[in-house]
2 protein chains.
Amino acid sequence: MELGRPASVADRTVAVGTSFMLEVNASAILTNLRSVGRASVSSLAKQTGLSRQAVSRSLAVLTSMGLVEISAPDRAASPAGRPPQMVRFRSEAGHVLGVDVKARRVRVAVADLAAEIVAESTVPLDGSVAFAEWLRTVVLDVLDQAGIGPDDVWHVSVAAPGIIDPATGHVALSPGMPEIVGDGILLGIRSAVDAPVYLDNAIKLATIGERWRGAPHAEQSLVFVHWGERIGAGILIHGELYRGASNDAGDLGYLEIGLPDTPDGTDADLGPFERSVGTRELLRIAGSSAERPSSETLTLTELAAAVCSRQPWALSAVRTISSRFARGIAVLRSLLDPEVIVIGGDITELGQALLDSLDDALRFETLEQPQLEFSTLGADAIVQGGIHQSLRWVEQERFGVTAVREGSSAAGWPRTP
Amino acid sequence: MELGRPASVADRTVAVGTSFMLEVNASAILTNLRSVGRASVSSLAKQTGLSRQAVSRSLAVLTSMGLVEISAPDRAASPAGRPPQMVRFRSEAGHVLGVDVKARRVRVAVADLAAEIVAESTVPLDGSVAFAEWLRTVVLDVLDQAGIGPDDVWHVSVAAPGIIDPATGHVALSPGMPEIVGDGILLGIRSAVDAPVYLDNAIKLATIGERWRGAPHAEQSLVFVHWGERIGAGILIHGELYRGASNDAGDLGYLEIGLPDTPDGTDADLGPFERSVGTRELLRIAGSSAERPSSETLTLTELAAAVCSRQPWALSAVRTISSRFARGIAVLRSLLDPEVIVIGGDITELGQALLDSLDDALRFETLEQPQLEFSTLGADAIVQGGIHQSLRWVEQERFGVTAVREGSSAAGWPRTP
DNA sequence: TTAGTTCCGTACGATACGTATGTATGTTAC
DNA sequence: GTAACATACATACGTATCGTACGGAACTAA
């Protein structure tokens with residue numbers, strides 16, 4: 001279930017039989033075709049450096065696997081001469097699911113192999129029925145909506161809040177959703193579809209989503225910070241999610257860097273950094289300002305409105321919290337030096353004023369600072385990250401070249417008897 | 001020169017011609033043989049899953065390349081039957097250089113392809129002659145001592161202090177060694193041997209060395225902290241060195257986490273963290289202790305002796321600095337969560353007392369803390385890291401399977417006409 | 001000396017690749 | 001409308017690799 005490649009000595013790829021070459025070439029051709037969508041045989045031959053015959057052979061295999069399709073000749077493709085038959089990647093050959101489980105609702109998206117979302121559904125949680133059983137019906141409903149059967153799903157990625165071991169999919173802790181602790185999600189999904197399931201923390205998958213759809217210019221390193229009452233981060237390094245030794249990397253909330261803190265005993269459920277820069281502290285600072293006209297409990301949306309109308313007391317609170325958060329960014333910068341830091345979570349309600357304020361606070365840092373952005377995907381990032389994660393699995397396990405050892409070819413490729 | 005693999009779509013490996021299979025298999029066999037040293041043809045066949053003929057064919061190619069050698073039959077290898085001819089990896093077929101340039105001396109080590117050091121030399125710097133020219137003679141001397149010629153060197157890795165761009169090998173800044181700024185090192189090495197040269201910051205290569213020889217149990221993530229007057233770190237993630245967007249990741253010295261600092265203006269050449277926990281501050285704290293008998297300027301060696309004899313004033317200073325450093329470790333932990341943190345640099349003179357003191361300071365952290373170790377390699381780590389880096393280049397570029405495209409096979413493998 | 005075991009070498013069929021040649025199907029010029 | 005041209009497709013042939021099969025070589029043990 002883990003996507004990392006072991007690459008040990010024993011697992012080194014060995015070519016046993018000439019059919020291995022076909023496998024290698026078909027995989028290369030498929031990759032090429034997927035990147036362009038439609039192409040002629042000749043253009044594929046030119047791209048890969050193979051002869052047209054070799055390309056044709058590979059395409060025959062791919063056609064029999066249902067992955068490509070030969071469509072009508074297209075005279076527009078080459079101005080003179082016989083018009084080439086076009087080859088198309090059958091992105092409808094398989095589908096993947098991205099699932100976002102939250103305390104109040106579950107969101108499921110079905111995407112084809114070109115990452116195009118073909119069906120999507122957000123369903124409020126129904127507490128009257130067992131979670132696994134309920135999840136099963138939600139998934140089956142979306143599949144029905146997409147017009148595909150359970151067998152058409154190749155891989156599922158699920159995001160949920162809490163502490164999750166992605167190797168097993170076991171949910172160890174989920175303060176906001178006790179019903180998912182254990183293997184309830186896994187069981188629910190597996191009862192609906194017969195495909196590998198990847199289950200991970202929501203922030204991790206959101207990070208993948210941001211890298212992929214939100215900030216694709218961050219090739220190598222990206223940090224996604226979820227900034228709300230709680231604060232957590234996902235770290236992408238070398239284009240891969242980095243989890244750390246205890247599956248705990250990016251635990252910004254418990255960062256302790258000498259910032260002002262609440263008195264002992266208050267907000268003990270939060271970490272030091274959360275107590276200092278989380279939205280709860282922000283609302284406390286802004287709400288208790290002497291200049292503020294009202295004295296009712298302040299909400300984030302009200303604060304955002306006040307910031308928007310440039311109320312001094314609101315701007316002042318944002319500046320205070322920004323300067324504290326900037327200290328955290330500076331620490332992140334000196335240790336990790338990421339290309340981009342993407343900020344998501346409730347705090348983004350504050351809009352450009354917050355970004356400006358952060359930039360001001362970081363202006364005095366000596367080191368070159370990373371690019372700072374708000375998430376452009378918002379809540380979508382999680383589902384998108386799941387889809388991307390699943391498609392990466394498909395690429396590696398079903399489209400990738402398999403290590404042929406001791407005659408046991410891996411799944412996906414047909415044996416030529 | 002960069003070892004990372006681009007793996008773009010266009011560069012995807014394509015099998016053009018059946019000789020590709022031989023290449024794949026020979027590479028796999030070579031890897032296998034390298035891991036065991038000596039093996040019979042049959043055992044290699046069993047290991048790789050290939051037929052004996054295929055193994056023999058590959059071995060013939062490898063023999064013609066000079067990489068393997070068929071030695072006398074060994075009756076001990078199989079108790080009954082005809083004794084097998086043994087195949088040996090010719091680790092003397094090529095050599096790599098690890099070079100450690102420091103302000104006062106240069107250290108050069110020659111290693112064979114089995115990473116065995118065959119010659120080593122540490123030469124004090126000679127300021128009377130141009131640096132590049134001097135480096136050239138040092139390198140040639142060591143090669144002479146190893147009994148090999150310049151053509152037998154396949155790759156060189158050089159470590160130097162300062163800000164270095166490993167992509168170009170250009171030294172941008174080196175406060176302690178102005179003579180190496182620019183391309184002096186590159187020119188000196190290249191005038192001695194005709195091989196690719198990798199030039200990087202010393203801490204980075206030390207990190208690789210620690211991972212490889214010092215703490216090989218840290219498979220995935222390791223942070224090497226150089227702790228002296230200055231403080232810097234190298235970060236290994238996913239088994240790879242992580243540099244960050246500005247080639248600046250792990251810049252611990254400029255970490256600012258609210259620790260006690262010197263008054264403004266003092267030690268302006270150091271960063272905040274260095275001013276707070278570096279050896280200069282340690283000696284200042286210990287030296288100004290009222291309990292200390294002498295009032296002369298304290299050296300680290302004297303302090304280490306005092307710690308060893310359990311002088312209260314020395315232990316107290318170590319405790320103070322440890323608790324500050326532990327704060328930095330905690331930050332590192334919450335952001336990066338590495339498996340192991342290896343500490344090197346002058347501070348290791350203090351020995352076990354420092355480690356104990358750090359453990360005490362970290363005991364109260366809520367999160368599970370990473371394993372804390374002293375470097376077992378010391379100054380050797382840099383040269384060892386260089387050798388490892390070079391051998392990795394050799395593996396990828398000369399032993400690895402090359403993407404065969406448009407008939408242009410990569411270097412190393414013979415064309416079969 | 002003989003049986004058993006293991007290794008080495010050659011022969012054969014299968015498969016994939018590239019090159020070469022011929023055929024099919026379009027556009028363009030007259 | 002027909003000829004010339006350009007491109008794509010299809011078939012045939014030679015090359016190289018692999019695996020399997022079989023016979024000879026070398027050594028041990030009875």
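Chain naming here is simple, since letters A, B, ... match the order of the sequence lines and numbering starts at 1 in each. Heavy-atom basis, side chains included; hydrogens, waters and symmetry copies ignored.
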What salt bridge (Lys or Arg N to Asp or Glu O under 4.0 Å) pairs are there with at least one residue in residues 48-67 of chain B, not counting sequence neighbours? none
What are the atom names and distances for every N/O pair under 3.5 Å that joins the protein to nucleotides 18-22 of chain D?
residue: D:dC18; atom: OP1; partner: B:Asn25; partner atom: ND2; Å: 3.0
residue: D:dC18; atom: OP2; partner: B:Arg57; partner atom: NE; Å: 2.2
residue: D:dC18; atom: OP2; partner: B:Arg57; partner atom: NH2; Å: 2.8
residue: D:dG19; atom: OP1; partner: B:Ser51; partner atom: N; Å: 3.4
residue: D:dG19; atom: OP2; partner: B:Ser51; partner atom: N; Å: 3.2
residue: D:dG19; atom: OP2; partner: B:Ser51; partner atom: OG; Å: 2.5
residue: D:dT20; atom: O4; partner: B:Gln53; partner atom: NE2; Å: 3.2
residue: D:dA21; atom: N6; partner: B:Gln53; partner atom: NE2; Å: 2.5

Mind checking side chain to side chain donor-acceptor pair (under 3.5 Å) for A:Arg88 and listing every partner two or more places apart, or none if nothing turns up? A:Glu69, A:Glu92
Protein N or O to nucleotides 24-28 of chain D N or O, pairs below 3.5 Å:
residue: D:dG24; atom: N2; partner: B:Arg82; partner atom: NH1; Å: 3.0
residue: D:dA25; atom: N3; partner: B:Arg82; partner atom: NH1; Å: 3.3

Rounding to a whole Å, what distance do you find between B:Ile29:CD1 and D:dT17:P? 13 Å
Results of side chain to side chain contact (heavy atoms under 4.5 Å, CB included) for A:Ala119 - residues two or more places apart only: A:Val110, A:Val142, A:Gln145, A:Ala146
Side chain to side chain contact (heavy atoms under 4.5 Å, CB included) with B:Ala60: which residues, sequence neighbours excluded? none
Please identify each residue that fulfils side chain to side chain contact (heavy atoms under 4.5 Å, CB included) with A:Asp112, with sequence neighbours left out. A:Ser91, A:His95, A:Ala114, A:Glu116, A:Val118
Could you tell me the separation between the CD atom of B:Gln85 and the P atom of C:dT6, rounded to a whole number of Å? 18 Å
Not counting sequence neighbours, which residues clear side chain to side chain contact (heavy atoms under 4.5 Å, CB included) with A:Thr63? List them please. A:Val68
Between A:Ser58 and A:Ala26, which heavy-atom pair has the shortest distance, and what is it? OG-N, 3.6 Å
What integer distance in Å separates A:Phe20:CZ from D:dA16:C1'? 16 Å
note: B:Ile70, atom CD1; C:dC7, atom C1'; distance rounded to Å ~ 13 Å
Among all residues two or more places apart in sequence or in another chain, which pass the side chain to side chain donor-acceptor pair (under 3.5 Å) test with A:Ser42? none
Gap between atoms CG and C1', on B:Leu59 and C:dG9 respectively (whole Å): 15 Å
